[in-house]
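Letters A, B, ... are given to chains in the order of the sequence lines, protein chains preceding strands, and every chain is numbered from 1.
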Protein chains: 2
Amino acid sequence: MKKVGLKDIAEHVGVSIALVSYVLNGQAEIKQVSKENAQKIKAAAELLNYRPNQIAKSLKMHKTHTIGLVVADINYRFSTGITRAIEAEAKKANYTVLFGSSNENENTFAELVNVLINRQVDGLILVPVENSQDQIKMLQKAEIPFVLIDRNFPEITTNHIALDNYKAAYTATAYLIKQGHNRIAFFNYATTMFHLQERDRGYLAALKDHDIVFKSDWLQQINSANRAGDIQQALDSILNLKEPCDAVFFATDTLAINGLKYLNKIKAKVPQDISVLSFDESEAFELFYSPITHLRQPLEEMGQKAVDTLLELINYNKISKQISLSSELIIGQSCKE
Amino acid sequence: MKKVGLKDIAEHVGVSIALVSYVLNGQAEIKQVSKENAQKIKAAAELLNYRPNQIAKSLKMHKTHTIGLVVADINYRFSTGITRAIEAEAKKANYTVLFGSSNENENTFAELVNVLINRQVDGLILVPVENSQDQIKMLQKAEIPFVLIDRNFPEITTNHIALDNYKAAYTATAYLIKQGHNRIAFFNYATTMFHLQERDRGYLAALKDHDIVFKSDWLQQINSANRAGDIQQALDSILNLKEPCDAVFFATDTLAINGLKYLNKIKAKVPQDISVLSFDESEAFELFYSPITHLRQPLEEMGQKAVDTLLELINYNKISKQISLSSELIIGQSCKE
DNA sequence: GCTATCACTTTAAACGATTAAAGCAAATGA
DNA sequence: TCATTTGCTTTAATCGTTTAAAGTGATAGC
């Protein structure tokens, strides 16, 4: 791979490297390069198919025009949606996105963040995983610009963009109640993550505000390591109560999909036997025999705001932004009317 | 963001930069660095939290230890699966993956490839889009190591890893025939892409080999720009023939999902009214009331082979590999028995 | 005729790493 | 005693850019 550098163009035209650099960076006028040379240089660059070496440029400029993105799991629909939005927004500002997936693993997360930093990304957009507080604090100490999305740690002050999870869960629960349910189960991961706990809180608050006495059997904690098994057990449990639940609200799409598979297996009909509502979106929700009512997150908006906030941080320093977004309840046919 | 460089460590310990570099690159022994200094240097690096600047390293070494990946659309299940596999395999060899999605757009594709090259990736793994032949030829001329996956251009000799699409389509069609269908429709995108045309060819060959006379109405070409509309029209068409089709075989998951949505809408029952079979996988396939029989692509294997081939290309030059993989037919309940 | 200005162009020092090659004591050999 | 070897360390060039600063020849001003 023969490389064409500024030097080659300079030699070809018979001028110095500096002149070539000026011209190709659009500084021809302010550096008063003669039209003749400017012309020749541009022609030569074209002819030789010159491609600037961004590595060298970055080294000199201390700017890579790259932002690092770490999502929790590339297989989540959330991840692909947000990635797309972020890439699009970054592109507008002429930034490239370097991308990685932590697979919800805290070591992988730390590793990825380090790789990205070593590559001198100008900033990071992160979906932090459980127990990654130390990494986050490290970033703050190192003064590396970053913004968290989707999740955040209330005990650390950071710039973050996330859903108002409390409100979303509250709204959805209230909707179920309005539809006439009064024994509503909530399935969530057993987790220390704030954003998921907020969903618990919203669910509980909605029950309380509507004078429904919460039964502890309704709130089922799923261990992500044993997701399928736990969900089956949990579903069995809420369906076999003396007063079985008449609705189940899943805190994430992954939970819902696993849950629906099991409901299919035991031939429980949605919504005749039980109503179903879920956070997030999934292609599968639409195609289920009774399309699943769900909470759609504003991925586009989240991605845009994340990039904008990060760029602000990179370019104008020190800002503090905590943005809370709203979800939209998409009514399907999975809840009794 | 105060940066710690070799210089800082050198000053801190009171030695030269070279010595620091030797020690931190594990050359302490062969360069006979005194144990004392080696010790001090390592300690200082730790203390100061030194992170090597990969940009500078890359510039000097002419190696970025990065591979670029361009997928067709991050929203495809294929893309997330292959991305995951590639990242995992690349990581084993200590390579980072720089990633982009062309959204099936030829300009975006060209742009992404250029961005990646400018960043001096050591090589590329590409899912080429329609009409990207010129880009591919350009890469060859520039002697940039790359491997194509999923798709390839028969008129250009390249290293590529792809499914044996002919065989896969043939197998699936033969399966439908064996299940007793004899009016099988095939839905494919209207495209010039070889891998999809191969699917047509496999379908047609299977019909022929089983003495089924092909009717041109059965092969429906969907325009991707008007996917939903075209699919509806195509389904209406094959269901309203004098002799309606009894099975429909979708050439991709995206076609199938759209098709199933419409079948739901018109309340056509699968497989009672029509059997369904599809290429690719989707979460939705499992959750459909009769899980869709489909062709699973070996994403893991494809990703692994792609990375391995690329690294071989990068490290040992000039090889020529065309790898053909087999898909697996996953039997669901969407075909009559 | 001498300096100033103008219109350009080149020189050369970075950026942060790698790594031949050279340097320099102390130890060894003759 | 002087040359050589050994053991360790430093010097300095280099990668491909950017960009102050200095250089240069022509023209203008007085």
Side-chain angles (χ1 to χ4, degrees), chain A residues 1-42 44-45 48-66 115 117-122, chain B residues 1-42 44-45 48-66 117-122 142:
Chain A
M1 170 166 35
K2 45 162 201 234
K3 301 216 181 164
V4 179
L6 289 183
K7 192 167 57 164
D8 302 280
I9 298 179
E11 277 166 13
H12 187 268
V13 177
V15 294
S16 71
I17 290 174
L19 218 51
V20 178
S21 174
Y22 290 141
V23 171
L24 297 181
N25 284 304
Q27 309 215 59
E29 260 139 64
I30 85 163
K31 294 291 173 177
Q32 312 190 102
V33 178
S34 67
K35 299 230 170 7
E36 194 194 336
N37 275 334
Q39 197 46 49
K40 279 196 210 158
I41 287 167
K42 280 183 196 153
L48 302 176
N49 190 26
Y50 169 71
R51 297 146 175 288
N53 182 328
Q54 297 295 342
I55 296 282
K57 190 168 191 157
S58 296
L59 178 59
K60 187 82 233 284
M61 308 299 268
H62 300 281
K63 276 259 168 191
T64 54
H65 259 253
T66 304
V115 166
I117 293 175
N118 291 349
R119 285 178 187 268
Q120 316 295 124
V121 294
D122 293 340
Chain B
M1 169 164 39
K2 63 200 171 204
K3 301 217 181 164
V4 179
L6 288 184
K7 192 167 57 165
D8 303 280
I9 298 179
E11 275 166 15
H12 187 267
V13 177
V15 294
S16 71
I17 289 173
L19 219 51
V20 179
S21 173
Y22 291 142
V23 171
L24 297 182
N25 283 304
Q27 308 214 58
E29 260 137 65
I30 86 161
K31 294 289 172 177
Q32 310 189 104
V33 179
S34 66
K35 298 228 170 9
E36 194 194 337
N37 274 334
Q39 197 47 49
K40 279 197 213 158
I41 288 168
K42 279 182 198 152
L48 301 177
N49 189 27
Y50 169 72
R51 296 147 175 285
N53 181 328
Q54 297 295 342
I55 295 282
K57 189 168 192 158
S58 295
L59 179 59
K60 186 80 230 285
M61 308 299 267
H62 300 281
K63 276 257 166 194
T64 53
H65 260 252
T66 304
I117 293 175
N118 291 349
R119 284 175 189 270
Q120 318 295 126
V121 294
D122 294 340

Output yes when a side-chain donor or acceptor of B/Ser58 lies under 3.5 Å from a complementary backbone atom of B/Gln54, and no otherwise. yes
Of all heavy-atom pairs between A/Gln120 and B/Pro52, which one has the smallest distance, and what is that distance? OE1-O, 4.3 Å
Between A/Glu11 and A/Lys7, does any side-chain N to carboxylate O distance fall below 4.0 Å? no
Between B/Asn53 and C/dC15, is there a contact of a side-chain N or O with OP1 or OP2 at under 4.0 Å? no
Are the side chain of A/Asn53 and the backbone N or O of A/Ile55 linked by a donor-acceptor pair below 3.5 Å? yes
Taking five pairs at each terminus, the helix from C/dG1-D/dC30 to C/dA30-D/dT1 shows an axis bend, to 10°, of 80°
If I take atom CG in residue A/Asn118 and atom C1' in nucleotide C/dG16, what distance separates them, rounded to the nearest angstrom? 13 Å
Would you find a donor on one side and an acceptor on the other, under 3.5 Å apart, between the side chain of B/Asn37 and the backbone of B/Val33? no
Tell me which of B/Gln27 and B/Leu59 sits closer to the 5' end of DNA chain C, going by the nucleotide each one is nearest to. B/Leu59
So what does A/Gln54 touch, heavy atoms closer than 4.0 Å: a base, only the sugar-phosphate, or nothing? nothing
Write out a two-atom table: protein N or O, nucleotide N or O from nucleotides 9-13 of chain D, distance below 3.5 Å.
unit_1, atom_1, unit_2, atom_2, d
D/dT9, OP1, B/Ser34, OG, 3.2
D/dT9, OP1, B/Asn37, ND2, 2.0
D/dT9, OP2, B/Ser34, N, 3.2
D/dT10, OP2, B/Ser16, N, 2.8
D/dT10, OP2, B/Ser16, OG, 3.0

Keeping A/Asp8 on the side-chain end and A/Val4 on the backbone end, is there a donor-acceptor pair under 3.5 Å? no
Would you indicate, yes or no, if C/dG16 has its OP1 or OP2 atom less than 4.0 angstrom from a side-chain nitrogen or oxygen of B/Lys7? no
Using a 3.5 Å distance criterion without hydrogens, assess whether the side chain of A/Asp122 forms a donor-acceptor pair with backbone atoms of A/His65. yes
Does B/Arg119 use its side chain to pair, donor to acceptor, with the backbone of A/Thr64 at less than 3.5 Å? yes
